[in-house]
Protein chains: 2
Amino acid sequence: MSFTYEYPRGALTVDCVVFGFDGGELKILLIQRGIAPFKGEWALPGGFVSPDESLDEAALRELEEETGLRNVFLEQLYTFGAVNRDPRERVVSVAYFALVQPDEHTTEAQTDADDARWFQISEIPELAFDHSEILKTGLKRLRGKLRYEPIGFELLPEKFTLPQLQRLYESVLGNELDKRNFRKKVLSFGLLIPLDEKRREGPHRPAQLYRFDPARYEALKNEGFLFEI
Amino acid sequence: MSFTYEYPRGALTVDCVVFGFDGGELKILLIQRGIAPFKGEWALPGGFVSPDESLDEAALRELEEETGLRNVFLEQLYTFGAVNRDPRERVVSVAYFALVQPDEHTTEAQTDADDARWFQISEIPELAFDHSEILKTGLKRLRGKLRYEPIGFELLPEKFTLPQLQRLYESVLGNELDKRNFRKKVLSFGLLIPLDEKRREGPHRPAQLYRFDPARYEALKNEGFLFEI
DNA sequence: TGACTTAGTGTCCAAATTACACTTATAGTT
DNA sequence: AACTATAAGTGTAATTTGGACACTAAGTCA
């Protein structure tokens, strides 16, 4: 493996599977491609990795450039390297997994790019390249992680109610949960701090607001605590 | 993200964290580097991805070229892309995770390369590049997966005993397990087929041999069964 | 045949999980 | 002011699961 013989080199990109949740169905952020190949088709946000930035940095940069999103939960997902996944030439893509909290006031995640759009998970169009496969991988990861790590809070506003949290779990995992058992379990972790506020939003009893306590989660983790819902 | 402007390109490699188990401690396969940089130091087996092969193919090829191993359990682990992880130039490495079954007769995994050596997990030397970090990531993955997926069998010979399996779990997870509870749990899955053979290996009662039933696992998985030890 | 070593087995108690129905607080309507 | 509609919030009993625990069985070797 000497450097005296150099292979012809492929290109390296990052692509992001961005999830959002507005209280209804799980959503994914896509952008409409402005250039060939696949011009006009929908694709995951992403782009080329430049030589002076790490993969994480490239993912954050592309996300901001293409969708305006900042301060998102971001984690590496999987690297896709099939030989012909890009029709132009060899391109390997490091896929990322992002969770976006809805804007404090609109309860919906916002973007400032006009070629970006949120799609309900049940209404995803055909995507460019192998992005449908990447998305599927991301969805599988989300479902897996939601059960074993407290990442659901990354999809909710800072202050949220237990019914909101339960709807998120039901929506992502695709099964109904018993209200009493869900609350009992979630509250038993001691990771939710009840606030002096309630959320009024209809002709019915208002719901207690909570916030997640990340510091306490870190502390518990070091004691061998395992989150599981 | 047009192709009209081309970034200078880095190189792409694969590196493999190869685990083995011989009944004692967990082991890792390393190779001694023959060329600079880090000449003479120990490193993970791996090398450059060529443009006409997928990442998985590259990992399999490098593993065979450098260690002689074939038919191993191989799975992508994580992609390491810090800017200066290689002192020569930008090199991004897709790390793989491999489990090797010991040879049927020697009960120890064999390799035919003389610059390759198995190291006990407790006696790993300093490694070249960022390979210590990659190894740490691999070990974390192994510990995580062992609890939730039936991959322990990939580290044991085709026919194995329950005490062997238990020692593997204890060795990897680092805690002692109750013999009766372990057997009860493992056998309750119905994934182990008892053979008409016992393993005699000392002045004591011989142990029942079993083999893992992968087809049954696939079937159970489709019914929503979750493996967990 | 006796000593030694590891394989193999069952029960009881504690803890966790599940199923399940009514009361409470609010907004809107009359 | 009273009534209606709606979603929030609460406890208990039954079942299942997990964990602790000690002896017998089958072989080898002296």
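In what follows, chains carry the letters A, B, and so on, assigned in the order in which the sequence lines appear, proteins first and then strands, with residues in each chain numbered from 1.
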Using the side chain to side chain donor-acceptor pair (under 3.5 Å) rule, pick out the option among B/T79, B/T13, B/D130 that qualifies with B/S93.
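It is B/T13, the one option of B/T79, B/T13, B/D130 that forms the side chain to side chain donor-acceptor pair (under 3.5 Å) with B/S93.
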
SB check [X] [Y] (cutoff 4.0 Å):
| X | Y | answer |
| --- | --- | --- |
| A/K145 | A/E75 | yes |
| A/E65 | A/R61 | yes |
| A/E218 | A/K221 | yes |
| A/E158 | A/R211 | no |

Starting at atom [atom1] of [X], determine the distance to atom [atom2] of [N], rounded to an integer number of angstrom.
| X | N | atom1 | atom2 | value |
| --- | --- | --- | --- | --- |
| A/N181 | D/dT12 | CG | C1' | 11 Å |
| A/K179 | D/dA7 | NZ | P | 10 Å |
| B/L226 | D/dT17 | CG | P | 13 Å |
| B/F182 | D/dG18 | CZ | P | 14 Å |

In residues 166-174 of chain A, what residues come within less than 4.0 Å of DNA chain C, judged by heavy atoms?
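Close to the strand, none.
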
Quick check on contacts: within residues 202-213 of chain A, what sits under 4.0 Å from DNA chain C by heavy-atom distance?
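Of all residues in residues 202-213 of chain A, the ones placing a heavy atom under 4.0 Å from DNA chain C are A/G202, A/P203, A/H204, A/R205, A/P206.
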
Side-chain heavy-atom pair [X], [Y] within 4.5 angstrom cut-off:
| X | Y | answer |
| --- | --- | --- |
| A/L29 | A/L69 | yes |
| A/L177 | A/K185 | no |
| A/I28 | A/F19 | yes |
| A/V18 | A/W118 | yes |

Covered region of DNA chain C, 5' end to 3' end, by chain A [heavy atoms, under 4.0 Å]
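On DNA chain C, the outermost contacted nucleotides are C/dT17 to C/dA27.
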
State which residue, out of A/Y210, A/F212, A/F73, fulfils the side-chain contact (heavy atoms from CB on, under 4.5 Å) condition with A/F153.
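It is A/F212; the other options fail the test.
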
Non-hydrogen atoms of [X] and [Y] that approach each other most closely:
| X | Y | answer |
| --- | --- | --- |
| A/P102 | A/P157 | CG-CD, 3.5 Å |
| A/A128 | A/R33 | CB-CD, 3.9 Å |
| A/H131 | A/D15 | NE2-OD2, 3.5 Å |

What parts of residues 183-197 of chain B reach DNA chain D, counting only heavy atoms under 4.0 Å away?
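Per residue number, the list reads B/K184, B/K185.
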
Can you work out whether A/T161 or B/D178 has the more 5'-proximal nearest nucleotide on DNA chain D?
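Nearest-nucleotide comparison on DNA chain D picks A/T161.
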
Determine yes or no for a side-chain-to-main-chain donor-acceptor pair under 3.5 angstrom, with B/E154 supplying the side chain and B/I151 the backbone.
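No: the side chain of B/E154 does not pair with the backbone of B/I151.
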
Ring centroid separation B/Y148 to A/Y148 under 6.0 Å:
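Yes - the distance between ring centres of B/Y148 and A/Y148 falls below the 6.0 Å cut-off.
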
Five-pair end axes of the helix from C/dT1-D/dA30 to C/dC12-D/dG19, angle between them (10°)
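Helix axis angle between the two ends: 10°.
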
With ring pair (Phe, Tyr, Trp, His ring centres under 6.0 Å) as the rule and sequence neighbours excluded, what pairs involving residues 179-203 of chain A come up?
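Only A/Y169-A/F182, A/F189-A/F225, A/F189-A/F227 qualify under ring pair (Phe, Tyr, Trp, His ring centres under 6.0 Å).
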
I'd like the C1' distance from D/dA22 over to C/dA15, given in whole Å.
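So the two C1' atoms sit 23 Å from each other.
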
